[in-house]
Amino acid sequence: MPHTCTLEQAVERVLSAITGPIHLGLPLGLGKPNRWVNALYARVRGMPERQLTIYTALCLARPRAGQDLQQRFLEPFVDRVYGDYPELDFLADLHSGNLPANVRVEQFFFQPGSLLDCEPAQQDYISSNYSHVARDLNAKGLNLVAQLVAVDAARPEHFSLSCNPDITLDLLPLLDKRREAGETVLSVAQIHSDLPYMAGDAQVPRDTFDIHIGEDERTTLFSTPNMPVTLQDHCIGLLASTLVRDGGTLQIGIGSMGDALASALIARQDDNAQYRALLQALRADDWAREIAASGGLEPLEHGLYGCSEMFVNGLLELAEAGLLRRRVYPDLRLQRLACSGALDEHGQPHSVQALVDAGLPPKLQPSDLAWLRDSGLLRGDMRLEEDELQWPDGSRVAADLGDPQTQARLQSCLARAQGGVVLHGGFFLGPETFYQRLRELEDAARERFAMTGIRYINELYGQEELKRLQRRDARFINTVFTMTLLGAGVADQLEDGRVLSGVGGQYNFVAQAHALEDARSILLLRSWRESGGEVSSNIVWEYGHATIPRHLRDIVVTEYGIADLRGKTDAQVIEALLKISDSRFQNELIEQAQQAGKLPADFRLDERFCNNLPERLEALRAEHSQLFAEYPLGSDFSAVEQDLVRALSWLKSKLRLTEVLDLGKATLDAPEPAAYPEHLRRMSLEAPDGVREALYQRLLLAGLQATRGP
């Protein structure tokens, strides 16, 4: 029986029950019971004879600024948005190099960029596909798991794994086997009062967990505010949206390019004429063949099904806009009926004859009748006797679904299939408004979103026939920060070996795209970047690391176009990527390819693609401003803060803020303080105290002037 106790008692119980080294597994992201983990860590920290290894990913910490100017912006915002969110003490010690010798932290995914310069974290990083994590952690001897859960008064016997069934559901059967073999394995659950209750696979009996912490967690849930969607991002999202096929399957990742894609799909549906006009101005006609082969420009009449390891805010927006509405079913026979068109988008059969045409045997057997009832397709108190369907009132018809009289009698008994969902997700993380909207959903609406184990989503193995039927016309859309000119993608690690984030499930989805019929992997890439006034290409000749090897190259989208690389020769791949690269770097890239013997000496790039410049795209934004919203999915920033985010980003991209010469140049044309009084008050720079603050004020004014709207 589960043991309910206080937070400190739960720590004591773990320390007494597990006599040897403790191997603690924590969910990635939102689902960690941070206060309890801190209590356990504090106890073990003072017990050098005890060993604790923590296995986890995506340890979430409040954003921090490296410079005073950014810090002035962040501190009030962080206080407002993150409130009393309890950070992980071991993460702070890891950052500072103060992790005790008896504690080790192994992670398979970092909060992006947060641990680049942390040597212990870099040395103890585990490079593992998301779908292999449960296997790998179990092999390490995991003997303790702890997780935040949700509750629902209408389901008193259950917990919901809510935001993180992803690895937990895959891990629990493995741990049970070890328990049966006599090992001591414990699981700890703590309720968080604000976590949305997700049903389906995420709903588990309370006795799944050995220890229940009786003190509900009520601290602020960690959120990820929507960041600005830049002009580059919007153009990438618009072009990628043309590759999504109506009635297909969609996976997208977190970030502003994913937000841009969701926004573009909504525009494709709600303002199709303006959407097409913008794409024409973006020269989408140059990619007409790729668009016709993989997607389209028309509204999505049949809707989409989401199959995404991360249930992101953009997918909820698509559902609320009516685009994420193609239902899939956990039962193979039901899924076949859905694929055949026998069911409408709500799961209602069109007719008895439609069920027969889709393969349901006309001559009903007892097992068929039982299945029709269990699946929800047939309601009514009828029974099957001697080849007849009989009702309590004495009426009867032949148990032959091809018989017109039987069809007429059963038509009114047809009902919606049960278990249909519009999305399978493994974990979620997003803005606070995202959590709130999930909490406020009616049960029937929430149950459209099936949170489940990550192996179901990220792999085809297991129930493969069902998954193939569900995942028709799949578009797996992810981001990379660099592409080589030969088609390798880089998303997780820098060239020097330092890990930026992690491979997560990206490789899983790319492999699926090549294994599923009619599926495509689409990698989104900003073609160039600017930092400290230096502009560089994100398409390079070579790079010392690859997340996606070039033999799995497929489709790449930049703000300038679409490159379909599947099955192409090396020279064709190079030419396709040159067409969507920034023209400031094309000549150098061509020379490098020619020097390597991968392009003919007389190669010339088509003139149509030699004007890939930001200025051309800026003109589009001026003409179609309604489709270039800076925060298309909403924002936690006030209007003044949005201006400040823009200005600070400009300063970071244009200047090396540690170089005096750059700083001096930036302040020359700054406007007077009276032009931006609210912005200066927000940054506590309305009355500068000393030379440093006066310089900050001038820098900020310069950034505001440079980034002001039209």
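Just so it is clear, the model here is predicted, and its values are computed rather than measured. All values below come from the heavy atoms of this structure, side chains included, with hydrogens, waters and symmetry mates left out.
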May I ask you to check whether over 12 heavy atoms, not counting those of [X], lie within 6.0 Å of atom [atom1]?
{"X": "Glu442", "atom1": "CD", "answer": "no"}
{"X": "Arg245", "atom1": "CZ", "answer": "yes"}
{"X": "Gln626", "atom1": "CD", "answer": "yes"}

Pi-cation contact, Tyr456 with Arg471 (under 6.0 Å, within 45°) =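 Yes, Arg471 and Tyr456 form such a contact.
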
Residues [X], [Y]: salt bridge by 4.0 Å N-O rule:
{"X": "Lys467", "Y": "Glu464", "answer": "no"}
{"X": "Asp554", "Y": "Arg520", "answer": "yes"}
{"X": "Asp582", "Y": "Arg584", "answer": "yes"}
{"X": "Glu317", "Y": "Arg437", "answer": "yes"}
{"X": "Arg289", "Y": "Asp564", "answer": "no"}

Could you tell me whether the side chain of Gln642 and the main chain of Phe637 form a donor-acceptor pair under 3.5 Å?
->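 Yes; at least one donor-acceptor contact below 3.5 Å.
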
Just by distance, do the side chain of Ser649 and the backbone of Val645 share a donor-acceptor pair under 3.5 Å?
->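 Such a contact is found between Ser649 side chain and Val645 backbone.
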
Is there a side-chain contact between [X] and [Y] in this structure, where contact means two heavy atoms from C-beta onward sitting under 4.5 Å apart?
{"X": "Glu290", "Y": "Ile555", "result": "no"}
{"X": "Leu524", "Y": "Val556", "result": "no"}
{"X": "Tyr130", "Y": "Tyr507", "result": "no"}
{"X": "Asp286", "Y": "Lys579", "result": "no"}

Please say which of Gln335, Arg448, Gln470 ends up in a side chain to side chain contact (heavy atoms under 4.5 Å, CB included) with Arg327.
->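 Single side chain to side chain contact (heavy atoms under 4.5 Å, CB included) partner of Arg327 among Gln335, Arg448, Gln470: Arg448.
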
Test Leu485 against every option in Val573, Leu578, Val540 by the side chain to side chain contact (heavy atoms under 4.5 Å, CB included) rule and name the one that passes.
->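 Exactly one candidate clears the test, Leu578.
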
Taking only residues two or more places apart in sequence, or in another chain, which ones meet Asp606 in a salt bridge (charged side-chain N to carboxylate O under 4.0 Å, His left out)?
->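 In terms of salt bridge (charged side-chain N to carboxylate O under 4.0 Å, His left out), with neighbours along the sequence ignored, Asp606 is linked to Arg608.
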
Kindly determine whether Asn272 and Arg268 satisfy side chain to side chain donor-acceptor pair (under 3.5 Å), including the steps that lead there.
-> CA-CA 5 Å; Asn272 194 255; Arg268 175 175 164 181; over 6 Å; no

